[in-house]
Amino acid sequence: MAAPVSTVGKPSTERSPFNTTSFQKKTRTKLISIPGTRPSVQNGQLLVSTGVTSLDYLLGGGLAVGTVLLIEEDRYDSYSRMILKYFLAEGVVCRHELFVAAAQDNPDDILQVGEEPRLSCEPQDSLDAMKIAWRYQNLPKVQSALASSSRFGHYYDVSKTMEPEIRQAAKCHCFYLPEHPTHTMLESYSALLKSLQEVINREGFDVTKSRNILRIGLHSLGSALWGDDLSCHDNPRNGHALTTFLYGLRALLRSSLSVAVVTVPSHLIQDRALMGSITRLCDNAIALESFKGSERETNPLYKDYHGLLHVRQVPHLNCLASKLPDHKDLAFKLKRKQFTIEVSCPQPSVTNINKATLTNIFALSETF
Amino acid sequence: MFTELNSILNTTPDSFTQGDFILLSDRQSDASFLIHHFLSLYLRARCKVWFLGLVQSFNHYSAISQRLGVSLTQAKEKGQLVFLEGLNESLSVLIPREADTGSEAMGFLRDPAVGLKSLYEFVRTSATSSGGGEPEPEEWGPPVLLVDDLSVLLSLGASVGAVLDFSHYCRATVCSQLQGNVVMLARCDGEEEEEDGDDGGSERLLRGLTHQCSLTLHVQGLPTGYCRDIHGQVEVCWRRRRGDGRCTQKKLFQYKVHDKGASFFAPGTSSAVL
């Protein structure tokens, strides 16, 4: 299903003919085949890529369709915004539809300065005509049963912006809060929910008749710009406005082919119990903690990384057990071409420990 | 249905105590696997089950129950299971449209200060309507009410007092009047020592519910930290009222959840360790 995409921008890509015989396998596939998605190997759910391949691995292969990923923002909202952009850029490349809502910046700006998708394989050059195995001339070069897994997700170059043609080809719905004036604070969230439901019904993302995925990106919910006083007061007046919205969002997502990424400025919310109930109403939850401006920036242990990443919650949808991450101390770094998440303190391998590594380990521990 | 948990609680699908109020609670953990155990146990025991699934869709419960050997769709068709899918019903309330004919069970979302009377009315009418009226084609056992979960009602704006009233009314109807069982799940986040003067709503709810119940199963993470092979510990507490005094009995187990069930063992006897 996933042929290597060598030309992303061209609107009509010619699919090279796969079969050399006229035999068609009769399969009653219950899984709908939508570009940019793949079934999970653990429980058969439909997964989409978040745009960051190491985050996909952390979430168990990708983001399940119908779930919400909560990102607790870092202090200056730099890396969480970057992940949101990766998510939306992945949607553009996979031809999914987008819905972006923001109160601070115009959603168009979030999309405009995107990334340029970069391909990880060399472009297909013209092959020499095969003389002996000419039957296999038209088959793609690499063909394996797990081809889809190697082509899931793309790599992006953050120093360049996406070409306008690719950007225009994607259908995008924007919700910019200043354009929807509301009288009270509670209405901003219900206006957003209503707008979401309208888009889902109008474009037909209901499970029965849809053939595409809707990617929803909600920026900085719970901040004061949405009219919410969660981040301003210790005892917010309407503490349940955001949680009611998240409940309604979950209801919408479970009944449609869509996936959402929500960022919340959790460092401003003082009430831990409220943050806990927000986390429980989302399915996946990660928290970013960047080193900018903290003393960890100069710490030699973290010199390769830009921040720490904590996994707060993993979903267990349609199954009893969830795939817990193996390691708990993860760190991320953002390079021009990749956003990687690694284990920050790898355990020394006990098998080939020798005198040199022992002295290194002791030297490192002495710095703390 | 987890066989080890059945032997711990001395229940089988054929014999279980009636009139019980069972409280499942967790602290910084997830006790929802226990709800699936009780759901499949009571369906196998041929009880009439009312399930208020407020946090997940019907497909989620159905998929897991399938792995535990019980079919929810069949039970629904036969009339054994009455399922309230909170997510679906809430959409018609949160985004009102003109032609809406949904049930009013989630009507409290419009104005949470009013209380959970509409939700209780749903339970009461469906419980008592099956008692009277024309006789059902199949005879079901005692009624059981399962709620997953109560803490989401707090997140949706209901006050602690309203949720406690709701649980009290449900207990009075189902346990005392109809001699059935009630199983409720309540989740908690903070540490036990923290005493938030103003909030701590989920703590107050947990304490209030613990007073009312006859059996608690409290799920927590391991006090020594994260472990891949042992997912946490369960504290089972029987609070029986017998004659003059109460006798409480507590037992601690560790558990591991896998694909088709969960295994419970005494602390320190995990198969990964032995």
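No hydrogens, no waters, no symmetry mates; every other heavy atom, side chains included, goes into these values. Here is the naming used below: chain letters follow the sequence lines, and residue numbers restart at 1 for every chain.
A pairwise comparison of heavy atoms in Q56(B) and L317(A) identifies OE1-CD2, 3.6 Å as the closest pair. Residues T243(A) and S155(B) share a closest heavy-atom pair of OG1-O, 2.7 Å. Residues C188(B) and R280(A) approach most closely at C-NH2, 4.3 Å, considering heavy atoms. Nearest approach of N318(A) to I64(B), heavy atoms of both residues: C-CG1, 3.7 Å.
The closest donor-acceptor contact from the side chain of Y247(A) to the backbone of L54(B) lies under 3.5 Å. Using modelled atom types, no side-chain atom of R67(B) and backbone atom of C319(A) make a donor-acceptor pair closer than 3.5 Å. For S57(B) (side chain) and R254(A) (main-chain N/O), no donor-acceptor pair under 3.5 Å exists by modelled atom type.
Rounded to the nearest 0.5 Å, atoms CG (N201(A)) and CD1 (I95(B)) are 8.5 Å apart. Here the straight-line distance linking atom CG of L87(B) with atom OG of S255(A) works out to 8.5 Å at 0.5 Å rounding.
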**Asked** Given the rule in the side chain to side chain contact (heavy atoms under 4.5 Å, CB included) test, do D30(B) and H316(A) qualify, once you have shown the distances and angles that lead to the verdict?
**Response** CA-CA 10 Å; D30(B) 196 356; H316(A) 48 95; 2.3 Å; yes
**Asked** Taking it one step at a time, do R187(B) and S277(A) satisfy side chain to side chain contact (heavy atoms under 4.5 Å, CB included)?
**Response** CA-CA 9 Å; R187(B) 308 187 65 183; S277(A) 48; over 6 Å; no
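Here the side chains of H36(B) and L320(A) are in contact, with some heavy-atom distance below 4.5 Å.
Of the listed residues (S32(B), S62(B), G86(B)), the one with the most heavy-atom contacts under 4.5 Å to chain A is G86(B).
Contacts between L252(A) and chain B at a heavy-atom distance below 4.5 Å involve backbone atoms as well as side-chain atoms.
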